[in-house]
Amino acid sequence: MTSNELKNLTHQYVMNTYGRFPVAVERGEGARLYDFEGNEYIDFTSGIGVTDLGYGHQAWADAIAAQAKKLGHVSNLFYTEPSARLAEILCKRTGMSSVFFANGGGEANEGMIKLARKYSYDKYGEGRATIITLQNSFHGRTITTLKATGQDVFHQFFFPFTEGFRYAAANDFASLEAAAGDDVCAVMVELVQGEGGVLPLDYEYVQAVKKLCEEKDWLFLTDEVQTGVGRTGKLFAFQQYGILPDVCSFAKGIAGGMPMSGIMANEKCSGVLTPGTHATTFGANPVCAAAGLVVQETLDDAFLSEVTAKGEYLCAQIEALDLPCFGKTRGMGLMIGIEVKDGYNKGEIVNKLIENGLLVLTAGPGMRLLPPLVITREEMDKGVAIMEKALRA
Ligand SMILES: *Cc1c(COP(=O)(O)O)cnc(C)c1O
């Protein structure tokens with residue numbers, strides 16, 4: 001098959017819901033992808049923050065194959081080993097108490113929202129179901145998580161949306177206080193807003209929000225679908241802020257490219273969801289969990305320090321280019337945003353980079369880089385050299 005044949009086949013039979021880059025990917029190795037003609041691309045996207053171990057990772061592929069041969073699926077009506085071991089590791093490495101496994105980020109956030117509302121209902125009864133989220137956030141594509149997303153552009157077409165969300169401005173504590181009320185049960189945030197443009201929340205702001213939540217018995221919920229699993233240089237971004245949320249969701253990188261997500265709850269919230277109140281057929285799939293175990297084994301403390309060092313290195317290299325189209329870089333670990341200067345179009349920048357063999361993402365008003373966490377200095381240097389060649393004009 002050629003790249004063009006694949007593009008035509010896709011356009012004919014697959015629903016046209018994605019604005020796709022003009023690249024048909026056949027295979028990958030490390031942080032490099034190859035199309036059907038053998039052209040190489042340096043990958044600064046990792047499948048939108050998913051393939052943290054890169055492509056063709058031997059131990060990851062072996063664990064998936066071995067588990068698929070042993071037991072591919074049996075449902076949560078039975079006990080299975082890989083997900084129980086993965087839950088234990090996640091709790092021991094974070095201080096959380098229990099885990100519920102699901103399949104995607106939006107679905108994990110649905111579970112987190114259900115948990116928060118049930119916690120409040122069990123204790124206070126009806127009328128305390130509102131969750132405050134932040135403007136410019138992104139929480140998913142289900143009818144409920146679209147409404148939880150604090151951007152009007154997502155509140156279209158699919159009416160009626162789920163009620164019970166109010167929005168506060170990020171990094172503005174007065175705005176959060178103004179959104180308070182007797183009907184509130186929780187605050188949900190991304191500690192680094194991802195789709196909104198790689199915007200980290202201020203350290204002091206997060207401490208103040210956490211304290212207010214404790215005073216009001218609101219649950220503090222962190223959506224770590226994008227920031228979790230080593231992306232920021234800690235296993236979870238809440239560890240960057242020295243706090244333990246009541247509930248935290250994760251997805252994207254958890255199993256290195258296999259579909260898996262979940263929520264973790266602290267001691268106070270670990271027993272809220274009881275038999276019959278929450279479930280999913282595919283959740284805790286043994287093959288996905290076996291892949292997740294390899295991710296956890298790989299992301300030890302030394303590896304996570306390297307993520308921080310690589311992020312600093314890549315930002316420094318990009319700023320040193322001093323390209324006319326780029327302003328400052330920002331972010332945490334290997335979650336990097338680049339400001340695009342007025343007069344430059346980020347879509348055109350993406351296309352020029354692709355033509356020269358570098359894949360990047362956009363987010364909010366600028367560029368977003370989410371390279372595989374295993375990316376090498378050589379691969380980063382190659383990517384930066386492509387930026388210089390493609391964007392200097
Ligand atoms: C990607 C993302 C989601 C949605 O995850 P899906 O797996 O696409 O459902 C939710 N929250 C955040 C912060 C994300 O980055």
Side-chain angles (χ1 to χ4, degrees), residues 15 17-20 45-52 100-116 131-151 153-155 158 161-162 165 167 170 186-201 206 220-232 236-238 240-241 245 247-264 280 282-283 285 288 291-292 295 331-337 361-364 366-371 373:
M15 278 193 205
T17 63
Y18 299 102
R20 293 186 202 263
T45 76
S46 56
I48 320 185
V50 169
T51 53
D52 30 28
F100 176 90
F101 288 109
N103 309 284
E107 186 193 351
N109 287 337
E110 288 268 345
M112 188 156 71
I113 291 162
K114 281 177 71 179
L115 192 160
I131 297 175
I132 302 174
T133 67
L134 299 182
Q135 289 164 14
N136 200 40
S137 58
F138 181 77
H139 296 297
R141 295 281 186 170
T142 65
I143 297 280
T144 298
T145 56
L146 279 173
K147 192 63 177 174
T149 293
Q151 301 183 52
V153 59
F154 290 100
H155 306 158
F158 310 113
F161 289 98
T162 307
F165 294 95
Y167 314 103
V187 176
M188 172 159 76
V189 305
E190 297 161 87
L191 291 166
V192 183
Q193 294 192 324
E195 304 299 314
V198 192
L199 304 164
L201 296 186
V206 172
F220 185 58
L221 315 174
T222 59
D223 175 350
E224 296 231 25
V225 167
Q226 192 159 152
T227 53
V229 200
R231 178 55 53 187
T232 68
F236 285 88
F238 64 73
Q240 299 276 12
Y241 291 85
V247 192
C248 164
S249 62
F250 56 83
K252 292 190 163 93
I254 187 71
M258 295 295 280
M260 185 174 227
S261 72
I263 55 176
M264 310 189 278
T280 171
F282 285 122
N285 174 273
C288 298
V295 171
M332 239 186 242
L334 282 170
M335 183 167 179
I336 297 170
L361 297 163
T362 60
M367 316 301 299
R368 174 175 46 154
L369 311 181
L370 301 171
L373 304 183

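For ligands, and for the atoms within them, numbers begin at 1 and follow the listed sequence.
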Among Lys252, Glu190, Glu195, closest by any non-hydrogen atom to atom 15 (O) of ligand 1: Lys252
Heavy-atom closest pair (Gly194 atom, Gln226 atom, distance to 0.1 Å) is CA-OE1, 3.8 Å
Which part of Thr145 is near ligand 1, with near meaning a heavy atom under 4.0 Å away: side chain, backbone, both or neither? neither
Under a 4.0 Å heavy-atom limit, does His139 contact ligand 1 with its side chain, its backbone, both, or neither? backbone
Quick test of your reading of the structure: of Gly194, Ser137, Gly106, whose heavy atom lies closest to atom 9 (O) of ligand 1? Gly106
So if I count the atoms of ligand 1 from 1 in the order they appear, which ones are less than 4.0 Å from some heavy atom of Asn109? 10 (C), 11 (N)
Distance under 4.0 Å to a non-hydrogen atom of Asp223: what atoms of ligand 1 satisfy this? 10 (C), 11 (N), 12 (C), 13 (C)
Heavy-atom closest pair, residues Cys248 and Glu224: SG-CG, 3.6 Å
If you count the atoms of ligand 1 from 1 in the order shown, which ones are under 4.0 Å from a heavy atom of Gly104? 7 (O)
Considering non-hydrogen atoms only, spot the tightest contact between Cys288 and Ala255 and give its length. O-CB, 3.5 Å
Identity and distance of the protein heavy atom lying nearest atom 7 (O) of ligand 1: Gly105 N, 2.7 Å
In terms of heavy-atom contacts, does CZ of Phe282 have more than 12 from other residues, nucleotides or ligands at under 6.0 Å? no
Do you know which two heavy atoms are closest between Phe220 and Pro245, and how far apart they sit? O-CB, 3.5 Å
Which bit of Arg141 gets closer than 4.0 Å to ligand 1, counting heavy atoms only: side chain, backbone, both or neither? neither
